[in-house]
Every structure is written in structure tokens, then in C-alpha cells.
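The structure under discussion appears below in the form of C-alpha cells.
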Amino acid sequence: MDPEIWSKLPSELLEYILSILPLKTFLNLRSTCKHFKSLVFCPSFISKHSSDSPFSSFLLLSHPHCYSHFPLYDSILGTWRNLALPFSFLPPCASQFNLLSSSNGLFCFSLPNSFSFLVCNVFGKSARVIQFPFFPFAFELLSLVSTPDGYKIFMLCSKFSSSYAFVYDSKVHSWRRYDGFQPLLIDNFHQEGAYFNGSLHFTTPEPFSVVCFDLENGKWETLNIEMPGELTFVRLVSDTDEGKLYLVGGIGRNGISRSMRLWELGNGGNWEEMERLPELMCRKFMSVCYHNYEHVYCFWHQGMICVCCHTWPEILYYKVSRRTWHWIPKCPSLPDKWSCGFRWFSFVPELYALA
């Protein structure tokens, strides 16, 4: 293109053209122009890019045998992608890391060699090392939650005679300790809390109930919600954009699920059944987890309720807008001998999310 014509192009039109480029291509252009580089920190541009770009939404697979390499499934194009995430900018202490949680383009890793956590934005190239509150620090149910002005990290610690909740706040860069919840919340340590109305929501073991932890004041509350009958397992999923809370559960007797159903929390505070998993898909899922429901965990991803099993390399998901169930196939690069340790995460790049 003629440089004179290009230089006279209105800035709004130029930014629109850049916003529809693939994310990887745009990142490569940052070094060619100061204005292009400044767009990385412009929320309005990044918001436009995130909504228009076909490279903006992934399901990320973590497995102990694919250390520092995470297979990515493009949930917009419906295909596996051979994209390497850029980790070269991480500090030297991050030579070994375990992925624990993700939210709003941020990842939270544990760094076992330095007794700390690492929160980073791999595309924005920002990172922060957060020291454990003390050592040794045994934690569970870690949940990374994005807030309008930063993020918080929640976890439970049972080192003491009674459990405590710890919350890290990125605004003040410090930990706070609160009372834990007795009895233990759940027998599944792969499941994160569901963020809804300013609180993290969890389910208790049988008899099933829902409890929530207010991230602002550190108070626990048991919700007065009647649970569906004949539940064999329950998981919570939240859509933070629409402000909705969902319940995924198995229905059966004597610990054996005969069906799996999905409920939404209605305005009246009751669980309203939305859908049932088709019989053939239900049979496959139950055979996958062998009725060991502690391996089952769920999360929200771009209009999808994802139901996963720690021992299976595929994802079962429910497309809310279409009210349909689907399977995401196994990643072609995974060896057949890998039989457990599969952890899935929602990954939606947000260049302006700062660690």
C-alpha cells in the first residue's frame, strides 16, 4: 500500500483493521510501531479485538507429562491448534511450575522450588511472584477470581487444628486469613469455587448443600436452597457475565448415577431443571469416570458448561445458547498411554489484565 495513503487512514479505521487480525499476528506487529505497541494497553481496543478475533478463546489442557507445553483447543474454530504459549519472560524461579487456575487471561501457577505462587499474563507479558503465607503451606480448592480492579486468590489450608481460608488481594499485595468451613466442603480437589454475586460458592458432601464465602468480608453462609432429590454428585458452575449459577448433578441411588441433569438457580432461589444429558452420552460419561465422581469437575467457558473427568482426555460440554450437548475429541498429539492427570482450563486472552 502507498505509505501516503496508509498514513492518512483515520485512526478508528486503522484500529478496526488491526482488531480483526489474528492475535499472534498483532503481537508480532508491536515492535514495528509505537502506536501499535500502545494499543496493547488500550482497553477499548483489546475489548474489540477479543470479540472479533478468531484467536480469542481456548480450552487449555494441562498434564504432568506435557510440562510447560499446553495443548490448546480453539473453541471458536472447533479445532486443536499448534500454538506455543510464550513463557520465556517468566522469572528464573519459574523453571518448574504447576498450573492451578485461570481467570480473565491470567494463569495461577504453583512454584514448588520457591514455595510461592506465580500469577502471569502470557500475552501481556506481566508476572508476579507471590510468596506462600508460611511454610510448609498445604492448600486446597484454590480459585483465582478476576475483579474489576485486579484479582483475588482463594484457598483453604488445614495445617491447623481447624481449617482456615486465605485470600490474596492484588490491590494491596497481601494475604488475609479467615475462618474456614466445617465440615470439609467437597471431596473433589479439582473443582474450583463458582464466583457468583461477589462470593465463591461450593457444595458440601452428602447431605448436599451450597455454601458461599464472601470475598470482601470473609464471611461464610449456608444458602437456604432445596437441593434436587436422589443426587449422587453435584458441581457448581457460574456465568459471571450474565450473573447466573448452574448446578450439574448425577441422579441415581446407592451412589450409582443413572442420569445427569443441569439446573439453573432461578430468581426465586430454587433450582430449575434445564436439560438432561442424552442417554447414550450419559452411558459414555459414567463409564469414563467409573462412577468415581471425585474425578469429575466443571467450569464455564464462553457460553459452554464444561464437564470433565481427571481420568479422561475428552470434554463433555453443554452449549447454553443452543441447548445441546457435545464432546470435544481427544487431542491428536496425546499418547494413548496417558490415562489420568487431565486438567482443563478456560483461557480467553486479555492483553490488559495485569498480574
Side-chain angles (χ1 to χ4, degrees), residues 19-27 46-63 66 69-86 99-108 121-124 144-146 190-192 194-195 235-242 244 246 248 260 262 264 274-275 277-278 281 284-285 288 296-310 312-334 342-353:
S19 73
I20 59 179
L21 289 175
L23 179 58
K24 188 175 181 180
T25 302
F26 172 71
L27 292 176
I46 298 302
S47 175
K48 186 185 305 179
H49 186 280
S50 296
S51 61
D52 294 340
S53 172
F55 288 80
S56 62
S57 176
F58 301 97
L59 288 164
L60 180 147
L61 176 59
S62 173
H63 191 276
C66 54
H69 172 70
F70 302 100
L72 295 170
Y73 181 82
D74 191 320
S75 58
I76 293 179
L77 299 182
T79 184
W80 288 95
R81 290 201 160 273
N82 186 22
L83 298 175
L85 297 179
L99 181 55
L100 302 175
S101 184
S102 66
S103 179
N104 194 38
L106 296 176
F107 290 129
C108 180
N121 182 336
V122 294
F123 285 113
L144 175 65
V145 178
S146 296
H190 309 302
Q191 180 68 43
E192 300 183 23
Y195 186 63
R235 301 291 182 263
L236 295 174
V237 181
S238 61
D239 175 4
T240 55
D241 292 332
E242 298 294 332
K244 295 183 178 181
Y246 299 96
V248 178
M260 192 166 74
L262 175 65
E264 179 184 345
M274 291 179 59
E275 288 291 336
L277 182 63
M281 301 181 79
K284 176 180 177 178
F285 185 80
V288 161
V296 178
Y297 60 99
C298 303
F299 60 90
W300 177 267
H301 173 75
Q302 299 294 91
M304 299 158 52
I305 296 174
C306 299
V307 186
C308 311
C309 184
H310 194 60
W312 192 252
E314 300 178 24
I315 286 184
L316 172 68
Y317 72 91
Y318 176 75
K319 188 72 172 178
V320 176
S321 61
R322 297 180 181 176
R323 304 178 69 90
T324 53
W325 294 89
H326 308 271
W327 283 100
I328 290 178
K330 173 185 173 182
C331 177
S333 64
L334 292 184
F342 302 101
R343 283 294 310 274
W344 291 91
F345 299 89
S346 172
F347 177 41
V348 183
E350 295 283 352
L351 298 186
Y352 60 90

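As the structure is a prediction and not an experimental result, all values here were calculated from the model.
Remark: Lys284 engages Glu314 in a salt bridge (charged side-chain N to carboxylate O under 4.0 Å, His left out) (not counting sequence neighbours). In terms of the side chain to side chain contact (heavy atoms under 4.5 Å, CB included) criterion, residue partners of His310 (sequence neighbours excluded) are, by chain and number, His190, His295, Arg343.
Taking CG of Leu72 as the start and CZ of Arg81 as the end, the distance is 9.5 Å to the nearest 0.5 Å. Between the OG atom in Ser57 and the CD atom in Gln302 there is a gap of 4.0 Å [rounded to 0.5 Å]. With values rounded to the nearest 0.5 angstrom, Leu59 atom CG is found 8.0 Å from Cys308 atom SG. The NZ atom of Lys319 sits 8.0 Å away from atom NE2 of His326, with the distance rounded to the nearest 0.5 Å. Atom CE in Met304 sits 5.5 Å away from atom OG in Ser75 (nearest 0.5 Å).
Annotation for Ser102 and Ser346: closest pair OG-O, 2.7 Å, computed over non-hydrogen atoms. For the residue pair Leu106 and Ala353, the shortest heavy atom distance occurs at CD2-O, 3.7 Å. Nearest approach of Leu100 to Glu192, heavy atoms of both residues: O-OE2, 3.4 Å. Scanning both residues, Leu144 and Phe107, for their nearest heavy atoms gives CD2-C, 4.2 Å. Smallest separation of non-hydrogen atoms from Trp80 and Lys330: NE1-O, 3.6 Å. A pairwise comparison of heavy atoms in Gln191 and Leu236 identifies NE2-O, 3.3 Å as the closest pair.
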Legend entry - Pair Leu316-Leu277, side chain to side chain contact (heavy atoms under 4.5 Å, CB included): steps then yes or no: CA-CA 10 Å; Leu316 172 68; Leu277 182 63; 3.8 Å; yes
Inset, instruction - Take Glu242 and Val320 through the test side chain to side chain contact (heavy atoms under 4.5 Å, CB included) and record every step on the way to the result. - result: CA-CA 12 Å; Glu242 298 294 332; Val320 176; over 6 Å; no
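Two residues are said to be in side-chain contact when any heavy atoms from C-beta on lie closer than 4.5 Å; Val348 and Phe58 fail this criterion. Using a 4.5 Å heavy-atom threshold, the side chains of Leu60 and Leu99 count as touching. At a threshold of 4.5 Å between non-hydrogen side-chain atoms, the residues Trp344 and Cys306 do not count as touching. The shortest side-chain heavy-atom distance between Tyr318 and Met274 falls under the 4.5 Å cut-off. With contacts defined as side-chain heavy-atom distances shorter than 4.5 Å, the pair His63/Phe70 does not qualify. Residues Val122 and Phe347 form a side-chain contact, since some pair of their non-hydrogen atoms from C-beta on lies under 4.5 Å apart. Side-chain atoms of Ile315 and Tyr73, non-hydrogen and from C-beta on, never get closer than 4.5 Å to each other. Side-chain contact between Phe345 and Ser62 is present, with heavy atoms from C-beta onward closer than 4.5 Å.
Proximity of a side-chain donor or acceptor of Asp239 to a complementary backbone N or O of Lys244 within less than 3.5 Å is not detected. Side-chain N or O atoms of Ser103 include one that pairs as donor or acceptor with a backbone N or O of Ser146 at under 3.5 Å. At distances below 3.5 Å, at least one donor-acceptor pair connects side-chain atoms of Arg235 with backbone N or O atoms of Val296.
Partner Leu61 forms a side chain to side chain contact (heavy atoms under 4.5 Å, CB included) with one of Pro71, Ser333, Pro313 and no other, that one being Pro71.
Aromatic ring orientation, Trp300 versus Tyr246: parallel (interplanar angle below 30°, classes split at 30° and 60°).
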